[in-house]
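Here's the structure we're looking at; comments come further down.
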Amino acid sequence: MSKQSGRGRVAGLPDWDRCAVMGVVNVTPDSFSDGGRWFDTTSAVKHGLQLVEEGADLVDVGGESTRPGATRVDEAEELRRVIPVVRGLAAEGVVVSVDTMRASVAAQALAAGAALVNDVSGGLADPEMIPVVADAGAPFVVMHWRGFLEGGNVKGVYADVVAEVVDELHARVDAVLAGGIAPDRVVVDPGLGFSKDADHDLTLLAHLDRLRTLGHPLLVAASRKRFLGRVLAGPEGAPPPARERDAATAAVSALAAHSGAWAVRVHEVRATADAVRVARAVEQARAVTHTPGAHPHDTDDPHTAHEPHGAEGPHGAEGAL
């Protein structure tokens with residue numbers, strides 16, 4: 001962990017000295033922004049490797065759309081979609097996260113080489129999920145979740161969205177810890193877009209510091225979501241298509257990194273990879289400014305103090321993957 005950033009680290013994963021970038025590979029025909037583009041194993045693996053070349057630190061592989069109104073895929077089909085892609089990417093040395101609500105998919109993905117389980121239900125959708133992850137000793141993302149979104153944006157009423165999301169995540173983290181997952185392997189996610197409208201999402205982004213009081217690394221997954229479309233549309237316009245929200249996504253990535261997020265989850269990696277590295281450079285400059293007698297080019301980070309130009313690979317992506 002960087003002593004400057006204080007964003008924490010996750011046991012069992014590499015220790016990135018900045019906000020990490022999680023690239024998305026949707027092996028689905030119906031995801032809201034890129035459904036069907038990477039539906040076969042070969043193209044999905046190729047896409048994941050391309051995301052790493054563009055600066056992704058880890059790749060999140062999912063075989064079930066969680067967009068509002070989506071019908072759940074059956075277990076056999078989810079396994080067919082996900083496991084070969086996880087295996088193919090892990091074989092290439094990629095740090096792989098599996099995006100699933102099913103314990104069986106998580107178990108097989110971990111056996112195939114996945115390093116992290118990203119469950120949008122935080123273990124609520126499948127009672128076997130927590131025991132499976134605990135037994136494997138794997139890191140686990142606990143997202144704020146109020147139920148499946150079949151039929152719309154369910155239970156999206158809040159008197160104080162920040163306080164309620166923090167309280168509900170706290171209760172869920174307690175349950176996960178009680179189930180045997182180690183505290184240093186828990187990540188929290190505010191669940192932007194899940195049972196939340198645009199104002200809720202923006203308010204949560206404005207108060208990421210409150211979410212960090214939970215004491216666990218924070219994942220922010222804002223990429224291409226509806227609230228960004230509403231912001232870009234303005235009061236009268238139509239929201240732009242999901243794939244035209246990547247610049248807005250990169251802006252959120254920079255803000256989240258500045259606020260101490262452990263990682264951001266994005267579909268288009270290159271701009272966000274640049275954004276989080278700029279945020280890190282500003283952190284370092286601030287630390288130097290606040291150090292009495294420090295030279296403007298000094299840093300207390302020995303890994304970056306005298307690094308030659310280009311040493312981090314394409315667009316500053318670290319060469320660890």
Side-chain angles (χ1 to χ4, degrees), residues 30-33 62 64-72 99-102 118-127 129-130 140-179 186-242 245 248-249 251-253 255-256 259-261 264-265:
D30 58 344
S31 291
F32 79 97
S33 72
E64 179 176 24
S65 174
T66 54
R67 62 178 174 80
T71 301
R72 293 208 72 188
D99 178 0
T100 184
M101 291 183 278
R102 285 192 171 98
N118 180 16
D119 180 356
V120 299
S121 80
L124 287 168
D126 185 341
M129 178 65 85
I130 302 306
F140 187 62
V141 177
V142 180
M143 196 190 82
H144 178 260
W145 191 73
R146 284 186 169 183
F148 294 104
L149 299 183
E150 294 164 324
N153 198 24
V154 298
K155 300 180 182 176
V157 177
Y158 302 86
D160 181 336
V161 66
V162 176
E164 290 173 55
V165 167
V166 168
D167 287 348
E168 290 169 31
L169 270 175
H170 190 281
R172 193 66 212 139
V173 167
D174 283 349
V176 165
L177 298 178
V186 172
V187 176
V188 294
D189 177 344
L192 301 178
F194 286 80
S195 301
K196 299 170 187 73
D197 62 25
D199 288 340
H200 295 144
D201 292 335
L202 290 167
T203 300
L204 286 165
L205 285 173
H207 296 283
L208 292 180
D209 57 322
R210 296 269 301 279
L211 288 151
R212 292 182 65 216
T213 64
L214 289 164
H216 296 277
L218 175 65
L219 172 66
V220 175
S223 184
R224 298 180 175 176
K225 288 190 173 177
R226 287 174 299 165
F227 80 94
L228 293 176
R230 301 281 166 77
V231 170
L232 298 176
E236 303 295 336
R245 303 172 193 169
T249 297
V252 173
S253 296
L255 292 167
S259 297
V264 287
R265 180 183 184 273

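Taking the charged nitrogens against the carboxylate oxygens, Asp99 and Arg265 do have a contact shorter than 4.0 Å, which makes a salt bridge.
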Exercise. Determine, stepwise, if the pair Asp126 / Met101 fulfils side chain to side chain contact (heavy atoms under 4.5 Å, CB included).
Key: CA-CA 7 Å; Asp126 185 341; Met101 291 183 278; 5.9 Å; no
Exercise. Determine, step by step, whether Leu228 and Val252 satisfy the side chain to side chain contact (heavy atoms under 4.5 Å, CB included) criterion, reporting the C-alpha distance in whole Å, the side-chain angles of both residues, the deciding distance to 0.1 Å, and the verdict.
Key: CA-CA 9 Å; Leu228 293 176; Val252 173; 3.8 Å; yes
Practice problem: Please assess Trp145 against Asp119 for the test side chain to side chain contact (heavy atoms under 4.5 Å, CB included), listing each intermediate value before the final yes or no. | Solution: CA-CA 10 Å; Trp145 191 73; Asp119 180 356; over 6 Å; no
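How far CZ of Arg245 is from CZ of Phe227: 10.0 Å, rounded to the nearest 0.5 Å. Distance CZ/Arg230 to CG/Asp197: 8.0 Å, rounded to 0.5 Å.
For Val165 against Pro190, the heavy-atom pair with the smallest separation is CG1-O, 4.2 Å. In plain terms, the two heavy atoms of Gly123 and Ile130 that are nearest each other are CA-CD1, 4.1 Å. Smallest separation of non-hydrogen atoms from Gly229 and Pro240: O-CD, 3.6 Å. Residue Val186 comes nearest to Pro217 through the heavy atom pair O-CD, 3.4 Å, listed as atom of the first residue, atom of the second, then distance. Contact detail for Ala256 and Val264: the closest heavy-atom pair is CB-CG1, 3.8 Å. Between Arg146 and Ser195, the closest heavy-atom pair is CB-OG, 3.8 Å.
The side-chain contact (heavy atoms from CB on, under 4.5 Å) test with His216 singles out one residue from Asp189, Val188, Leu169, Val176, and that residue is Val188. The residue from His144, Arg210, Lys196 that alone fulfils the side-chain contact (heavy atoms from CB on, under 4.5 Å) condition with Leu204 is Lys196.
Here the side chain of Thr249 pairs a donor or acceptor atom with the backbone of Arg224 at under 3.5 angstrom. A donor-acceptor pair is defined here as one N or O able to donate and one able to accept, closer than 3.5 Å; no such pair exists between the side chain of Asp201 and the backbone of Leu192.
Side-chain contact between Lys225 and Phe194 is present, with at least one heavy-atom pair separated by less than 4.5 Å. Put simply, the side chain of Thr100 reaches to within 4.5 Å of the side chain of Met129, judged on heavy atoms. Contact annotation: the side chain of Leu208 approaches that of Leu218 to within less than 4.5 Å [non-hydrogen atoms, C-beta and beyond]. In this structure the side chain of Leu202 reaches within 4.5 angstrom of the side chain of Val231, judged on heavy atoms.
Using modelled atom types, one finds no donor on one side chain facing an acceptor on the other under 3.5 Å when comparing His170 with Asp167.
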